[in-house]
Q: 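Have a look at this one.
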Amino acid sequence: MEERYNPQTVEERWQQQWAADKTFKVTEDPSKPKYYCLEMFPYPSGRIHMGHVRNYSIGDVVSRYKRMRGFNVLHPMGWDSFGLPAENAAIKHGTHPSKWTLENIDFMRDKQLKRMGLSYDWDREVATCLQEYYRWNQWLFLKMYEKGIAYKKRSYVNWCPSCSTVLANEQVNEGLCWRCSSVVTHRELEQWFFKITAYAQELLDHCDKLPGWPERVLTMQRNWLGRSTGVEVDFAVEGSGEKLTIFTTRPDTLYGVTFMSIAPEHPMVETLVKGKQQADAVRAFCQRVMREDKAERTDESREKEGIFTGTFAVNPLNNEKVPVWVGNFVLMDYGTGAIMSVPSHDQRDFEFAKKYGLPIRVVIQNADKDLDAATMKQAYVGEGAMISSGPFDGTPNAAGKDRVAEYAEQKGYGRRTVNWRLRDWGISRQRYWGTPIPIIYCEQCGTVPVPEKDLPVRLPVDVEFTGKGLSPLAESKAFRETTCPNCGGPARRESDTMDTFVDSSWYFLRYCSPKFDKAPFDKKAAAYWMNVDQYIGGIEHAVLHLLYARFFTKVIRDLGLFDGDEPFKNLLTQGMVIKDGAKMSKSKGNVVDPDFIISKYGADTARLFSLFAAPPERDLEWNDQGVDGAYRFLHRIWALVHKFHGRIESVKPAGREAAGDPLFRKTHLTIKKVTEDIERQFQFNTAIAAMMELVNEAYEYTAKDVRVEKLPVVRTTLDALVQLLAPFAPHIAEELWAGLGYEQPIANAAWPNHDPEAIVVTEVTLVVQVNGKVRSKLVVPAGLSDEETKSAALADPKIQELTAGKAPKKVIVVQGKLVNVVV
RNA sequence: GCGAGAGUGGCGGAACUGGCAGACGCGCCAGACUUAGGAUCUGGUGGGCAACCAUGGGGGUUCAAGUCCCCCCUCUCGCACCA
């Protein structure tokens with residue numbers, strides 16, 4: 001054993017050893033409890049960043065800890081390797097996306113992740129851009145197509161002009177592209193969708209069955225799903241046989257309707273304006289609104305505008321004629337794209353009515369009975385009794401909702417419905433570097449799925465990357481032109497690729513049997529390993545990846561491939577790594593390079609600091625001097641072990657006879673504390689602090705020469721310390737373990753248990769308060785009764801002096817801790 | 001606006017069912033060893049001379065409040081014309 005800790009040599013040695021021994025290779029073993037620990041796999045951008053270091057350090061502690069506790073731990077890693085940056089690099093530098101991506105993967109695996117000493121089973125590595133993986137995307141797509149879950153439709157979609165592709169709703173934030181923050185526009189296109197809405201109710205219900213998920217993620221998912229119940233009501237359009245159907249959550253206000261509003265995209269616009277004098281003005285209005293980009297369109301502060309179509313519709317409840325308007329705030333893709341407007345009880349309608357001089361009628365009266373349409377300053381949205389509502393007058397509006405709904409259903413012009421904010425997932429991408437959608441268009445046979453035997457539809461390599469015009473696939477004649485699998489006639493391939501979120505929606509299943517070639521995964525292997533016991537990743541995927549993965553799991557279940565409803569039992573969302581109060585970014589110049597830290601201090605220090613500086617869920621403020629502290633701590637442990645190296649290997653650890661020895665006691669307390677901190681929501685920061693305390697105490701204990709009879713205690717302490725350290729700083733732990741004379745790697749050693757007998761106390765320090773203020777402390781034997789404790793406290797001279805002989809009003813005793821004398 | 005989370009020394013953060021606020025680390029101060037120290041070790045370190053005062057602010061409950069209750073302020077994140 002070297003005198004001084006040298007992380008570079010130690011780390012290299014053990015990384016090679018683990019690789020040579022295949023220490024972390026696992027197979028299904030029914031005799032052992034399994035544990036599946038997973039960190040979100042990275043996009044191979046070329047370099048890992050501190051967020052990755054933190055993410056994988058957390059996962060590695062969990063995995064190594066569970067291993068030491070006797071679990072058969074599946075801990076895999078792979079690459080989310082389809083995506084735009086590869087294609088952009090191709091356009092800019094002329095490197096093929098495949099070359100760029102595979103080189104990045106090699107670099108990140110061999111030069112970065114492997115240098116971190118992570119306990120992955122590298123034999124299970126997957127890369128989504130390889131046909132061995134993406135063929136199963138295509139296979140799943142075909143199964144979903146058969147079941148009607150994958151379908152094509154023409155609709156208005158989000159278009160990012162910078163990425164030149166369509167985006168799903170989840171991928172637009174405040175009107176901006178999630179990836180490049182460009183302003184998103186609208187386009188009417190024919191696109192492939194996954195019917196995630198068919199699973200909306202189940203996705204919502206199962207939110208209640210995920211107690212291991214952070215509440216805020218579940219809240220975000222519930223909000224995103226956005227279930228609302230209401231009623232659809234048909235209004236007859238005057239002068240035509242057609243009807244206009246609206247959706248409302250407030251059927252209790254149906255008698256207050258004074259006009260209607262429809263979306264500019266509504267298919268009935270043309271019918272409504274036909275032959276009217278304002279027809280051209282309405283068409284122009286619709287055109288203008290539809291040209292607006294998503295950010296403008298959904299800006300809440302935007303002025304509400306509208307235009308009368310010239311046509312009236314009839315409210316079926318009271319047979320009143322109300323004008324039909326087109327409103328710029330009405331959304332085509334929510335509800336029916338048409339709404340009834342009740343200015344008295346809806347703030348938006350109120351403002352709209354005031355602006356255009358439309359009538360206002362109160363139909364819910366408040367408790368003070370002072371609502372008056374003529375004097376109202378804003379809509380009244382509270383509770384009250386229904387008025388001016390025909391047969392429903394006097395009904396409390398809450399009950400009225402149901403009564404009106406029922407009435408409308410009976411009369412045949414209304415029905416109760418559920419509406420979701422969630423839209424179907426648009427998965428077509430007009431880009432090259434993704435999974436080709438396995439569909440062929442035949443002039444004769446129409447849309448024909450690629451037969452399963454013809455999978456995979458491979459991405460052609462010989463395409464051009466110009467960054468202009470259509471995507472490379474659409475421009476490639478060789479790819480596009482094909483024959484119909486049905487009739488053999490000329491046909492054209494679908495040239496869109498799948499959203500890369502498809503890839504990450506089931507990769508956790510692929511890890512269970514990554515080489516399986518008969519199906520996406522081996523059902524038996526998945527039955528053994530699934531679910532993921534602990535999933536760890538960033539909060540930014542709260543409603544993207546995490547929702548899609550839940551959806552896919554249910555679809556895969558319904559395809560009969562897997563028995564389970566949910567993929568991830570427990571979810572840990574780690575905080576960001578920040579520096580100088582801001583997220584690390586090139587533009588701010590506050591990026592800390594993991595390679596630099598690892599080269600300078602070693603991976604163990606990098607891991608230790610990223611776990612020590614904050615609890616995992618919170619943001620972590622990077623501090624270069626804090627890293628020095630972690631480094632110093634490892635040096636201190638090294639020096640401690642080295643001090644006894646050579647004369648302790650043959651010493652047996654202390655047994656119960658050592659009870660009462662302060663270091664022995666502290667050692668067992670530390671085992672208890674570290675174990676509890678890991679079990680209790682992964683409080684790694686306090687677990688490490690506890691180890692530091694033990695080291696400090698061991699330094700004190702061994703400052704002078706240690707007598708021979710105390711060596712067993714020292715042995716116990718050093719053994720435990722190294723075992724506890726092993727999941728956090730595995731390389732140095734291996735080296736020290738060997739230094740203590742062990743021949744088997746600590747990666748396979750057992751986690752220590754604390755001995756309850758060893759932490760029993762014989763004396764306690766009693767805090768004595770007078771009127772709630774600490775006035776004295778005294779050491780008393782443990783296990784005193786309340787009465788004995790009280791006497792001991794009152795006998796204390798300091799307390800006697802303060803109470804001045806007066807009898808206390810009251811004495812509170814907290815056994816073994818505290819006495820409060822109230823005078 | 002709605003929802004969630006947070007506010008504790010110079011800094012990152014501890015404090016489990018209410019029971020010694022500030023564990024542990026950084027930084028800082030002093031000392032030791034040193035030609036030297038940005039290495040290492042030892043000690044000290046919330047404020048105040050003190051009584052005392054201190055967990056965003058103000059009330060309250062309690063023998064006792066960072067922790068429980070009420071009101072308010074600030075910050076972060078998510079959602080936000082969803083009818």
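A, B, ... follow the sequence lines: proteins, then strands. Residue 1 opens every chain.
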Q: Base, sugar-phosphate, or nothing for A:Asn419, non-hydrogen atoms under 4.0 angstrom?
A: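 Result for A:Asn419 = nothing.
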Q: Taking the C1' atom in each of B:A21 and B:G7, what is the distance between them to the nearest angstrom?
A: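 It works out to 16 Å between them.
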Q: From C-beta outward on A:Thr248, which listed nucleotide comes closest to its side chain: B:A83, B:C79, B:C63?
A: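 Nearest nucleotide to the side chain: B:A83.
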Q: Nearest whole Å is fine: how far is B:C26 C1' from A:Tyr601 OH?
A: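 Atom-to-atom, A:Tyr601 to B:C26, this comes out as 12 Å.
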Q: Name the residue closer to the 5' end of RNA chain B, choosing between A:Leu818 and A:Ala338 according to the nucleotide with the nearest heavy atom.
A: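 Its nearest nucleotide lies further toward 5', so the answer is A:Leu818.
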Q: Give a yes or no on whether a salt bridge exists between A:Asp402 and A:Arg416, defined as a side-chain N under 4.0 angstrom from a carboxylate O.
A: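 A:Arg416 and A:Asp402: salt-bridged.
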Q: Look at A:Arg216 and B:C77 and indicate whether a side-chain polar atom (N or O) is within less than 4.0 Å of OP1 or OP2.
A: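 Answer no for this pair, as no side-chain N or O of A:Arg216 is under 4.0 Å from OP1 or OP2.
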Q: Reckon A:Asn328 touches a base, only the sugar-phosphate, or nothing at all at heavy-atom distances under 4.0 Å?
A: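 Counting heavy atoms under 4.0 Å across all strands, no contact is made by A:Asn328.
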Q: When all nucleic acid strands are considered with a 4.0 Å heavy-atom cut-off, which category describes A:Gly335: base, sugar-phosphate, or nothing?
A: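 Since no nucleic acid heavy atom lies under 4.0 Å of A:Gly335, the category is nothing.
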Q: Would you please indicate if the ring centroids of A:Phe259 and A:Tyr356 are separated by under 6.0 Å?
A: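 Distance test on ring centres: not under 6.0 Å, no.
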Q: Distance between the C1' atoms of B:U55 and B:G22, in whole angstroms?
A: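 Result for the C1' pair: 9 Å, nearest Å.
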Q: Work out how far the C1' atom of B:C49 is from that of B:G43, and round it to whole angstrom.
A: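 B:C49 and B:G43 have their C1' atoms separated by 23 Å.
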Q: Identify whether the distance between the nearest side-chain nitrogen and carboxylate oxygen of A:Asp346 and A:Arg250 falls below 4.0 Å.
A: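 Result for this pair is no, no salt bridge flagged.
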Q: Round to the nearest Å and state the distance from A:Ile637 atom CD1 to B:C24 atom C1'.
A: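 Interatomic distance, CD1 of A:Ile637 to C1' of B:C24: 13 Å.
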Q: Can you tell me how far P in B:A54 sits from the matching atom in B:G48, rounded to whole Å?
A: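 So the two P atoms sit 15 Å from each other.
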Q: Between B:C24 and B:G9, how far apart are the two C1' atoms, rounded to whole Å?
A: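 Each nucleotide's C1' atom is 14 Å from the other's.
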Q: Taking any strand in view, what nucleotide pairs with B:G10 in a Watson-Crick or G-U wobble way, both distances under 3.5 Å?
A: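 Per the H-bond distance test, B:C26.
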Q: Would you kindly compare A:Ile812 and A:Tyr699 by the position of their nearest RNA chain B nucleotide and give the one closer to the 5′ end?
A: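 The residue whose closest nucleotide sits nearer the 5' end is A:Tyr699.
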Q: With both distances kept under 3.5 Å, what pairs with B:A21, Watson-Crick or G-U wobble?
A: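 Its partner is none (no Watson-Crick or G-U wobble pair with both distances under 3.5 Å).
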Q: Rounding to an integer number of angstrom, what distance separates B:C28 and B:C79 when you compare their P atoms?
A: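 One P to the other, the span is 42 Å.
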Q: Which one is paired to B:G38, where only Watson-Crick or G-U wobble pairs with both distances under 3.5 angstrom count?
A: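 Here B:G38 is not engaged in any pair, so there is no nucleotide opposite it.
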Q: Would you say A:Arg618 places a side-chain N or O within less than 4.0 Å of OP1 or OP2 belonging to B:G12?
A: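 No, A:Arg618 has no side-chain N/O under 4.0 Å of OP1/OP2 on B:G12.
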Q: From CZ of A:Arg421 over to P of B:C82, roughly how many Å is that when rounded to an integer?
A: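 Whole-Å distance recorded here is 11 Å.
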Q: Need the pair for B:A50. Rule: Watson-Crick or G-U wobble, both distances under 3.5 Å, any strand; none if unpaired.
A: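 Its partner: none found.
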Q: Salt-bridged, A:Glu305 to A:Arg288, with N to O below 4.0 Å?
A: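 Yes.
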Q: Tell me whether the guanidinium CZ or amine NZ of A:Arg636 lies under 6.0 angstrom from the six-membered ring centre of A:Tyr699 and within 45° of its axis.
A: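 Judged by the rule (NZ or CZ under 6.0 Å from the ring centre, within 45° of its axis), A:Arg636 counts as positioned above A:Tyr699.
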Q: Would you say the base of B:C20 and the side-chain of A:Lys817 have a donor-acceptor pair closer than 3.5 Å?
A: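 Side chain to base: no pair present.
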Q: So, OP1 or OP2 of B:A83: does either fall under 4.0 Å of a side-chain N or O from A:Ser228?
A: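 Answer is yes, contact under 4.0 Å.
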Q: What is the distance, to the nearest angstrom, from the CD1 atom on A:Ile688 to the C1' atom on B:G12?
A: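 Whole-Å distance recorded here is 13 Å.
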Q: Mind checking the P distance from B:G47 to B:C33? Whole angstroms is fine.
A: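 So the two P atoms sit 30 Å from each other.
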Q: Can you tell which of B:G3, B:C20, B:A39 lies closest to the side chain of A:Arg632?
A: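 Nucleotide nearest to A:Arg632's side chain: B:A39.
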Q: Base, sugar-phosphate, or nothing for A:Val330, non-hydrogen atoms under 4.0 angstrom?
A: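 A:Val330: base contact, heavy atoms under 4.0 Å.
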Q: With a 4.0 Å cut-off, would you call A:Asp677 and A:Lys673 a salt bridge?
A: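 A salt bridge is present here (some side-chain N lies under 4.0 Å from a carboxylate O).
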Q: Is A:Lys809 touching bases, backbone alone, or none of the nucleic acid, heavy atoms closer than 4.0 Å?
A: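 Contact class for A:Lys809: none.
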Q: Rounded to whole Å, please give me the gap between CG in A:Asn623 and P in B:C26.
A: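 It works out to 10 Å between those atoms.
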Q: Across the strands shown, which category fits A:Arg775 at heavy-atom distances under 4.0 angstrom: base, sugar-phosphate, nothing?
A: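 Sugar-phosphate, no base atom in range.
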Q: Should the pair A:Asp208-A:Arg222 be classified as a salt bridge under the 4.0 Å nitrogen-to-oxygen rule?
A: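 Salt bridge between A:Asp208 and A:Arg222, a charged N being under 4.0 Å from a carboxylate O: yes.
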Q: What is the nucleic acid contact for A:Gln769, judged by heavy atoms within less than 4.0 Å: base, sugar-phosphate only, or nothing?
A: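 A:Gln769: base contact, heavy atoms under 4.0 Å.
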Q: Under 4.0 Å between a side-chain N/O of A:Arg636 and OP1 or OP2 of B:U42, yes or no?
A: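 It does, given that an N or O in the side chain of A:Arg636 lies less than 4.0 Å from OP1 or OP2 of B:U42.
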Q: Measure distances between side-chain N and O atoms of A:Asn820 and base N and O atoms of B:C63, and say whether any donor-acceptor pair falls under 3.5 Å.
A: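 Per atom types, the contact qualifies.
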Q: I'd like to know if A:Arg415 and A:Asp234 make a salt bridge, using a cut-off of under 4.0 Å between side-chain N and carboxylate O.
A: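 Judged by the 4.0 Å cut-off on N to carboxylate O distance, A:Arg415 and A:Asp234 do form a salt bridge.
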Q: Quick one: do A:Ser228 and A:Asn419 satisfy side-chain hydrogen bond (donor to acceptor under 3.5 Å, both in side chains)? Show the steps, please.
A: CA-CA 5 Å; A:Ser228 73; A:Asn419 248 300; 5.7 Å; no
Q: Does the B:C79 base have a donor-acceptor partner in the side chain of A:Arg222 within less than 3.5 Å?
A: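 By the distance-only test, no, there is no pair.
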Q: Between A:Ile262 (CD1) and B:C81 (C1'), how many Å, whole number?
A: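 Result: 17 Å.
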Q: Syn or anti for B:G7, with syn set at within 90° of 0?
A: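 Anti conformation for B:G7.
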Q: A:His635 has an atom NE2; how far is it from atom C1' of B:G25, in whole Å?
A: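 Distance check: A:His635 NE2 to B:G25 C1' gives 16 Å.
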Q: Please give the nucleotide sitting opposite B:U67 as a Watson-Crick or G-U wobble pair, both distances under 3.5 Å, or none.
A: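 For B:U67, the partner nucleotide comes out as none, under the 3.5 Å rule.
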Q: Both distances under 3.5 Å, Watson-Crick or G-U wobble: report the partner of B:C16, or none.
A: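 Across any shown strand, B:C16 pairs with none.
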Q: Find the partner of B:G3: check Watson-Crick (N1-N3 plus N6-O4 or O6-N4) and G-U wobble (N1-O2, O6-N3) distances, both under 3.5 Å, and reply none if neither fits.
A: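 Checking every strand shown, B:G3 finds its partner in B:C77, with both distances under 3.5 Å.
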Q: Using the C1' atom on both, measure B:C29 against B:G13 and round to a whole Å.
A: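 Looking at atom C1' only, B:C29 and B:G13 are 22 Å apart.
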Q: Rounding to an integer number of Å, can you tell me how far A:Leu218 CG sits from B:G5 P?
A: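 These atoms are roughly 12 Å apart.
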Q: Which nucleotide sits closest to the side chain of A:Thr249: B:G13, B:C24, B:A83?
A: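 Of the options given, the side chain of A:Thr249 lies nearest B:A83.
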Q: Quick one: is A:Arg348 getting a side-chain N or O under 4.0 Å of the B:A80 phosphate, OP1 or OP2?
A: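 No, no such contact exists.
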Q: When all nucleic acid strands are considered with a 4.0 Å heavy-atom cut-off, which category describes A:Val767: base, sugar-phosphate, or nothing?
A: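 Base contact.
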Q: For a quick check of understanding: with a heavy-atom distance under 4.0 Å over all strands, which category does A:Pro214 fall into, base, sugar-phosphate or nothing?
A: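 It contacts nothing in the nucleic acid.
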Q: Nearest to the side chain of A:Ala689, which nucleotide is it out of B:C26, B:G25, B:A23?
A: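 So the side chain of A:Ala689 is nearest to B:A23.
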